[in-house]
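Right, one structure below, let's go through it.
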Amino acid sequence: DVEKAIEEHMKTAAKQLKGSKVRCNLAADGDADRPAFFDSEGKFIYGDKICGLTCIYLRELFPQKDFTVVVTATCNDAMVRLLREKYGMNVIKVEVGSPYVVAEIEEQERSNPNAVVLGFERNTGFFIQTPLRLPNGNVVGKLATRDSTFVMLVINLMAKLRGLETLEALVEILPLR
């Protein structure tokens with residue numbers, strides 16, 4: 001039972017972090033396509049919050065672009081409203097499962113080729129459909145399959161640029177469920 005094993009690993013990680021001097025703990029699943037984040041108290045941070053923060057960072061990096069974000073039906077409604085209302089993103093909900101996200105981000109790219117098209121799942125699976133040219137000239141290519149490294153780097157960079165020392169300080173910018 002994969003879910004039970006994951007739950008046990010999360011409990012173990014939370015116990016190890018509680019009371020330690022670690023400010024944030026990053027982990028990935030077995031094939032490293034989905035990251036897991038725990039704050040300094042060992043509390044698991046759900047993927048829709050982490051992926052929402054990743055979208056916010058990219059929106060701030062590319063304010064002149066239109067953004068479309070495809071999320072699964074289980075994504076936090078407060079996150080969807082935040083992305084739509086505060087950050088002006090077109091957010092589309094689809095059925096749960098990466099095949100649904102991938103099919104919709106491909107369709108969104110075809111229908112709006114000038115938009116930045118992203119997708120995510122509540123389990124922290126993150127997709128980039130549109131290659132992104134960074135301000136330094138480097139390009140982040142299409143991420144059509146999930147990879148935990150991009151999200152881990154963005155979250156750490158976002159906290160550092162805001163002068164925040166813990167993951168929970170970064171998550172505090174988000175609305176409650």
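Because only heavy atoms are used, hydrogens play no part in the values below, and waters and symmetry mates are left out as well, while side chains stay in.
- Taking both residues in full, the closest heavy atoms of Gly125 and Cys51 are given as O-SG, 4.2 Å, listed atom of the first, atom of the second, then distance.
- Both Ile155 and Ile173 sit in one connected hydrophobic cluster of ILVMFWY residues. Membership requires side-chain heavy atoms under 4.5 Å apart, directly or through other members.
- Linking Ile, Leu, Val, Met, Phe, Trp and Tyr whenever their side-chain heavy atoms come within less than 4.5 Å puts Ile45 and Phe126 in one cluster.
- In this structure, Thr124 and Gly47 approach most closely via the heavy-atom pair OG1-CA, 3.0 Å.
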Before you tell me yes or no, could you show the steps for Glu104 and Lys93 under salt bridge (charged side-chain N to carboxylate O under 4.0 Å, His left out), namely the whole-Å CA-CA distance, both residues' side-chain angles and the distance that decides it to 0.1 Å?
CA-CA 9 Å; Glu104 187 62 31; Lys93 280 193 168 189; over 6 Å; no
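- Shown are Val102, Val117, Val69; of these, the side-chain contact (heavy atoms from CB on, under 4.5 Å) with Phe127 is made only by Val102.
- Arg59 contributes atom CZ, which lies 13.0 Å from atom NZ of Lys86 (distance to the nearest 0.5 angstrom).
- For the atom pair CD (Glu172) and CG (Leu167), the distance works out to 10.0 Å, reported to the nearest 0.5 Å.
- Counting all heavy atoms, side chain and backbone alike, Ala115 lies closest to Thr68 at CB-OG1, 4.4 Å.
- Contact detail for Val80 and Cys75: the closest heavy-atom pair is CG2-SG, 4.1 Å.
- Under a hydrophobic-cluster definition in which Ile, Leu, Val, Met, Phe, Trp and Tyr are linked whenever side-chain heavy atoms come within less than 4.5 Å, directly or via other members, Val70 and Leu82 are assigned to different clusters.
- Residues Gly97 and Thr72 share a closest heavy-atom pair of N-CG2, 3.9 Å.
- With values rounded to the nearest 0.5 angstrom, Leu61 atom CG is found 13.5 Å from Ile56 atom CD1.
- Note on Leu157 and Leu58: same hydrophobic cluster, where clusters join Ile, Leu, Val, Met, Phe, Trp and Tyr whose side-chain heavy atoms are under 4.5 Å apart, directly or indirectly.
- When every heavy atom of Leu53 is checked against every heavy atom of Met158, the shortest pair comes out as O-SD, 3.4 Å.
- By the criterion of side-chain heavy atoms lying less than 4.5 angstrom apart, applied directly or through intervening Ile, Leu, Val, Met, Phe, Trp or Tyr residues, Ile128 is not grouped with Ile92; the two fall into different hydrophobic clusters.
- Between Asp48 atom CG and Asn76 atom CG the span is 5.0 Å, to the nearest 0.5 Å.
- Here the CZ-CZ distance, from Phe62 to Arg133, works out to 9.5 Å after rounding to the nearest 0.5 Å.
- In this structure, Cys55 SG and Met89 CE are separated by 5.5 Å, a value rounded to the nearest 0.5 Å.
- Within a 6.0 Å radius of OH in Tyr87, more than 12 heavy atoms belonging to other residues, nucleotides or ligands are found.
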Apply salt bridge (charged side-chain N to carboxylate O under 4.0 Å, His left out) to Glu106 and Lys142, showing your working.
CA-CA 11 Å; Glu106 288 173 349; Lys142 185 183 286 193; over 6 Å; no
